[in-house]
Protein chains: 2
Amino acid sequence: MNKKLENTEEKILQAAKQVFMKKGRAGARMQEIADEAGINKSLLHYYFRSKDKLFEAVFYEALNKSLPKIGNVLNADKSFFDKIRSFTYHYIDFFIDNPYLPIFILNEISSNPEIIIKLADQIGAKSNLFLNEITTAVDKSIIKPIDPRQLIINLISLCVFPFIAKPLAQALIFNNEEKEFLNFIEKRKIEVAEFIINSIRK
Amino acid sequence: MNKKLENTEEKILQAAKQVFMKKGRAGARMQEIADEAGINKSLLHYYFRSKDKLFEAVFYEALNKSLPKIGNVLNADKSFFDKIRSFTYHYIDFFIDNPYLPIFILNEISSNPEIIIKLADQIGAKSNLFLNEITTAVDKSIIKPIDPRQLIINLISLCVFPFIAKPLAQALIFNNEEKEFLNFIEKRKIEVAEFIINSIRK
DNA sequence: TATTAGTTTAACCATCTGGTCAAAAATAAC
DNA sequence: GTTATTTTTGACCAGATGGTTAAACTAATA
């Protein structure tokens, strides 16, 4: 009974995730989610009270999934450059498995910025961790002087943006061949780090 | 008569742009657009047959607005590095005035990739122009060897991504002070180019 | 086996939404 | 000033959509 419950709930979450990611919060239809999950529409409301609640569940699950890995990288006992290598590698690697997460999350935040408040603590702590790391590196003269905020935005931009622009890039630069694009992204796991390090190395 | 016609049509386009950018294609309501334009809802259908048609008009106007400037930069008689400087400067400058364009366009393409086909020619030509430019620079040994596709994606990532992540970045890194963020972006108009050049300079 | 609690379904509802239409208002043409 | 044309409006509609409800089904329990 419990197994069945979790099963249905999980099926709904999976289906909802798929539909919400593809159609967005407003574009998604409860009926479509139900169909995707192979259940009756009423069940959606039975497990999650409303469309909004369901969306929130999906959204926060997606978000929490993409956050924890980041902290680990920074706490490791590595050189600054190796931390950058590790960060970009794992970050890009994670998005290879979840390519629609970035645009899904950023789009939702963009059209509904208030939700950041709920997350400020979680994410804020981690970004500060990283900012401090960079500040230290600049202070210790390990890298060229640079505004840590510029560097961290550069870092994240280079990792995340290709996934947001995937359909466009794939069509324009990769002849609509997904293989080409994935191959390109695979190389980025290493190249992004070297691109950055090249730029800030003394 | 013509003046009034253009006026109303323009009012609608402006209002539609605002609402579509904020709410997205599916989330936008015709009534809200009408209200925003200060007119009757039926007028929307009088000028633009349907919501889809209206959206297309807004979308393509937005897109065409963001494209032409790019070509000019590349055709100028400048060194490769100065072209990068010029490109990043003007690109970021343009998005300062149109901060919601990137996520609007990319989000729409993401949830509706077919539309690229209509645009492939226009944009494709320009990105090829740039790719060739880079290939030449590599061949002539002006810069370190790098996959031109990686470089162009880096270039665009660094320019565009901050606008997509604006609400998130503003909250987490800039204490929700828009001034701080704008100031940061303003500096990027120059810093991005130097960051890139530092990395690829021999 | 009867009872109970949890799960699933089908039918239904109120509201919203894009869209139509005929008439009124405004403008242009004569 | 009258007619023709274009623009604008308000009332209306059909279909979609999120959500409700009561009944049916399932399975564990006593």
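Convention: sequence-line order gives letters A, B, ...; per-chain numbering from 1.
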Under-4.0 Å salt bridge between A:E32 and A:K23: yes
Neighbour count above 12 (heavy atom, 6.0 Å) for B:I190 CD1: no
Residue pairs, two or more places apart or on separate chains, that pass salt bridge (Lys or Arg N to Asp or Glu O under 4.0 Å) and touch residues 149-171 of chain A: A:D147-A:R149, A:R149-B:E180, A:K166-A:E178
Whole angstrom value for the distance that separates P of D:dG19 from CD1 of A:I33: 11 Å
Distance in angstrom units between A:H45 NE2 and C:dC12 P, rounded: 19 Å
Qualifying residues under ring pair (Phe, Tyr, Trp, His ring centres under 6.0 Å), relative to B:F184, sequence neighbours excluded: B:F174
Residues B:R29, B:D35: salt bridge by 4.0 Å N-O rule: no
B:F80: partners by ring pair (Phe, Tyr, Trp, His ring centres under 6.0 Å), with sequence neighbours left out: none
Results of side chain to side chain contact (heavy atoms under 4.5 Å, CB included) for B:K78 - residues two or more places apart only: B:A76, B:D82, B:K83, B:S86
Interface residues of residues 23-31 of chain B with DNA chain C (non-hydrogen, below 4.0 angstrom): B:A28, B:R29, B:M30
Separation of atom CG in A:D35 from atom P in D:dT17, rounded to whole Å: 11 Å
Axial cation check for A:Y89 ring with A:K189, 6.0 Å and 45° limits: yes
For atom CG of A:L44 and atom C1' of D:dT20, their distance in whole Å: 14 Å
Distance, rounded to the nearest Å, where B:K51 contributes NZ and C:dT17 contributes P: 9 Å
Note: A:K11-A:E36 ion pair, threshold 4.0 Å (strictly below): no
Atom-pair distance (CG on A:L54; P on D:dT17), nearest Å: 16 Å
C:dT8 OP1/OP2 closer than 4.0 Å to side-chain N/O of A:T8: yes
Atom pair distance, as rounded to whole Å: CZ in B:F48 and P in C:dG18: 16 Å
Close N or O pairs between protein and nucleotides 9-11 of chain D (under 3.5 Å):
from	atom 1	to	atom 2	distance (Å)
D:dT9	OP2	B:N40	N	3.0
D:dG10	OP2	B:N40	ND2	3.4
D:dG10	N7	B:N40	ND2	3.2
D:dG10	O6	B:S42	OG	2.3

d(CD1, A:I12; C1', C:dT8) in whole Å: 11 Å
